[in-house]
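The block underneath contains the structure these notes are about, expressed in structure tokens.
From a predicted model like this one, the values you see are computed outputs, not experimental measurements. A note on names: the letters A, B, ... follow the listed sequences, proteins ahead of strands, and every chain is numbered from 1.
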Amino acid sequence: MSRPSTTGLITRPGAAAGVTVTTGGSSFTFGAWVELAASLAGDSALAGAYGLTSGSGLYELQFGIGAAAAEVAISSLIVDQANPANTGLNVILLPVPVDGLASGSRLAVRARRNGGASTVTVAALLYQGITSDHVTTAAQPHTYLPYGTAGVALTPVASSWGNSAWVELTAGDAAELAIAGITLTAGTVNVQWEVDLGTGAASAETVITTLRSDTAFQLGFTNRYLPAALPVAAGTRIAARFRKSDASATGTWLVSLLYLHDTALLTPVAVATAATYVWGPI
Amino acid sequence: MAMQWTTNAQKVAPAGATAVSVTPNNTAMANSAWFEVLASAPAALVLTGLCIPVAPVSAFVYVDVGIGAASAETVITTFMGHYTNPGSSKGASYIPHVLPLDAIPNGSRVAIRMRKHVTGVTPWQYAITYLEKPIVGNLQTTTQPQLVQWTSAAITAPASAWTNSAWSVLLASAAADLVVTHVAANTFTSGAQWEMDLGVGPAASETVIATLRGQRGGGFDGPNVIPLWNPLDAIPSGSRVVARLRASATGTCFVGVQYHQKPL
């Protein structure tokens, strides 16, 4: 097993401004595909993106391969941007690159968000000939839950570091999934938070992992990734709860689960079988 | 395919509580005292990251994590970042230890100290994330500390759009084969898109080994660190390691790296 790669990142477009991608006119409606690379110069892996949004909110950048008007989605990158006028680097790398993009492929991106039409300036970050085996493919893509929405509401409690109630992220996927992390939309600023992810029936959840960060001013992208993918068996209910440093019970807090779909980490199959992937949660 | 995965639960310290307050040394680049994060590790631990929820001033900051009894701490790894006009207006700060650090024996006391390039004693705050051993799954860890380096001077992207700057030295000679886990770029011109090349080789013969890009939106930022989830294993021992910039508009910034020496 080896996480490092002897090949480094490249950008597309390169040595030029990023492409402008326009979201659809209504909430969570995709805009048109925009070309990032007409023809990849070698076998490639999608590693992530630079993207500066013109507005605030939760944005989905969906990457695809294929000729114009025939693009096939390979993964989605979800970002929450509260204040695009005051941001840091605006770069986010997928915790697991999406390998298998054949040389000569056309790479494109489209976007949607929880709001009306908006624009995002985007460039892809890629590996050509990645040597790491810490990769996924379009058959086990990056996606999120609840799909095509701004997240599940967490209701804060009026005590410092008091746990919220659990909220369901999924009743159970048809296949194993591997949790990559979360995106948290903050309801208040200057707050330190912890989010527990748990499995089990309602009122009987067991914590399976915890993520921690803060919401100083929610600048830039706020995805928080685990140190490695956390596989969860098919049919397993996943829920989230949170606690934070202040005692405010106000504000809208939203959480989305970032994951890899249809993995086989817990029960690897000895013989590969053909599978039809349906985009989005089943 | 050997995707990295584990079913171990990530945990935090302090847990369910405000992060540990660390009072900096008032002298630039002088270490603070050590501040305890965990009195006694409940098992052998693998460090997975550092939370920086409070960063009160603009600064290059360096954070050591150590183990050992009070007054006898030993540094096991170091993180770095840069903040501009932070106060209550910084980014949400979490810096992962991309290759989780397997260097905290069961029962260890874990502590943190910091230094920064400016004076001032307003406290910063820190918390850590970790996994308890044994690890179940397929997870590459390291026992090597994370090391950090910024360019000694800011790099200026030329006024001509997307024209390369001169190369700036990060390391004159790598002390071992190196694996880069994070790339950092501090405050660049607001609104300008930039690309950064990392390279190796003697002067006038540099070879690009990686390219990243980004854009700073406005007046607040931090920690300005990009984790490479697939660290870059392309720097042979003895290499001169360099960086350069090009951008849509002129501007200057420092470039930094966090890295490990091999063998991992």
Side-chain angles (χ1 to χ4, degrees), chain A residues 1-6 8-11 14-18 50 52 84-91 93-97 123 125 130 132-136 161 178 189-190 192 194 207-220 222 224-231 243 245 265, chain B residues 1-7 9-12 15-19 48-49 51 53 86 88-94 96 99-100 127 129 131 137-140 162 179 185 193 195 198 209-222 224 226-234 246 248:
Chain A
M1 61 181 179
S2 178
R3 189 164 199 149
S5 173
T6 57
L9 289 164
I10 61 172
T11 81
Y50 139 80
L52 184 62
N86 291 300
T87 56
L89 301 177
N90 294 298
V91 175
L93 295 179
L94 293 164
V96 189
L125 290 161
I130 189 168
S132 170
D133 57 7
H134 177 57
V135 295
T136 186
W161 296 107
V189 299
N190 281 327
Q192 299 176 41
E194 292 178 7
V207 175
I208 58 169
T209 201
T210 302
L211 298 101
R212 177 171 178 139
S213 193
D214 62 283
T215 65
F217 199 40
Q218 283 292 86
L219 304 182
T222 57
R224 286 291 167 266
Y225 292 120
L226 293 169
L230 172 56
R243 52 193 168 268
S245 56
L265 300 170
Chain B
M1 189 186 310
M3 183 191 305
Q4 299 284 295
W5 65 278
T6 180
T7 53
Q10 182 171 260
K11 300 186 176 183
V12 303
T18 299
T48 57
C51 305
S88 63
S89 299
K90 66 173 183 56
S93 298
Y94 177 74
L99 294 173
T129 58
L131 306 172
N138 174 39
L139 183 67
Q140 183 179 11
W162 303 110
V179 174
Q193 298 178 44
E195 287 184 5
L198 292 181
I209 56 173
T211 301
L212 284 92
R213 67 178 298 152
Q215 178 175 2
R216 178 169 177 263
F220 309 93
D221 59 57
N224 291 322
I226 304 169
L228 304 179
W229 295 108
N230 299 77
L232 177 63
D233 182 7
R246 53 188 170 273
S248 60

Atom pair [atom1] ([X]) and [atom2] ([Y]), whose distance is rounded to the nearest 0.5 Å:
X: Leu228(B); Y: Leu9(A); atom1: CG; atom2: CG; answer: 6.0 Å
X: Ile10(A); Y: Thr211(B); atom1: CD1; atom2: OG1; answer: 8.0 Å
X: Gln140(B); Y: Ser132(A); atom1: CD; atom2: OG; answer: 8.0 Å
X: Leu139(B); Y: His134(A); atom1: CG; atom2: NE2; answer: 9.5 Å
X: Glu194(A); Y: Lys11(B); atom1: CD; atom2: NZ; answer: 12.0 Å

Only residue of Leu94(A), Leu93(A), Val96(A) satisfying side-chain contact (heavy atoms from CB on, under 4.5 Å) with Trp229(B) is Leu93(A)
Is [Y] close to [X] at the side-chain level, that is, under 4.5 Å between some pair of heavy atoms?
X: Ser5(A); Y: Leu232(B); result: no
X: Thr11(A); Y: Arg213(B); result: yes
X: Asn230(B); Y: Pro97(A); result: yes
X: Cys51(B); Y: Asp214(A); result: no
X: Leu52(A); Y: Gln215(B); result: yes

I need the residue from [options] with the largest number of non-hydrogen atom pairs under 4.5 Å to chain B.
options: Ala123(A), Pro231(A), Ala178(A); value: Pro231(A)
options: Ile130(A), Leu226(A), Leu211(A), Thr210(A); value: Thr210(A)
options: Ala17(A), Gly18(A), Ser245(A); value: Ala17(A)
options: Gly8(A), Ala228(A), Ala229(A); value: Ala229(A)

Check whether any side-chain N or O of [X] sits under 3.5 Å from a backbone N or O of [Y] as a donor-acceptor pair, and report yes or no.
X: Asp133(A); Y: Met3(B); value: no
X: Glu195(B); Y: Ala15(A); value: yes
X: Thr48(B); Y: Pro227(A); value: no
X: Gln10(B); Y: Thr209(A); value: no

Chain A contact via Leu212(B) - side chain, backbone, both or neither, heavy atoms under 4.5 Å |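 When you check distances to chain A, atoms from both the backbone and side chain of Leu212(B) fall under 4.5 Å.
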Select one option (side chain, backbone, both, neither) describing which atoms of Gln193(B) are under 4.5 Å from chain A's heavy atoms.
-> side chain
Looking only at Gly137(B), Ala185(B), Ala15(B), Ala19(B), most heavy-atom pairs under 4.5 Å shared with chain A are made by Ala19(B)
Could you check which of Gly214(B), Ala210(B), Gly49(B), Ala17(B) has the highest count of heavy-atom pairs closer than 4.5 Å to chain A?
-> Ala17(B)
Is there a side-chain contact (heavy atoms from CB on, under 4.5 Å) between Thr7(B) and Leu230(A) once you walk through the steps?
-> CA-CA 5 Å; Thr7(B) 53; Leu230(A) 172 56; 4.2 Å; yes
Side-chain H-bond candidate by donor/acceptor type, Gln192(A) with Thr18(B), under 3.5 Å | no
Sort Arg212(A) into side chain, backbone, both or neither according to what part of it lies under 4.5 angstrom from a heavy atom of chain B.
->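 Both parts, heavy atoms under 4.5 Å.
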Indicate the atoms forming the closest heavy-atom contact of Ser213(A) with Tyr94(B), along with that distance.
-> OG-CB, 4.1 Å
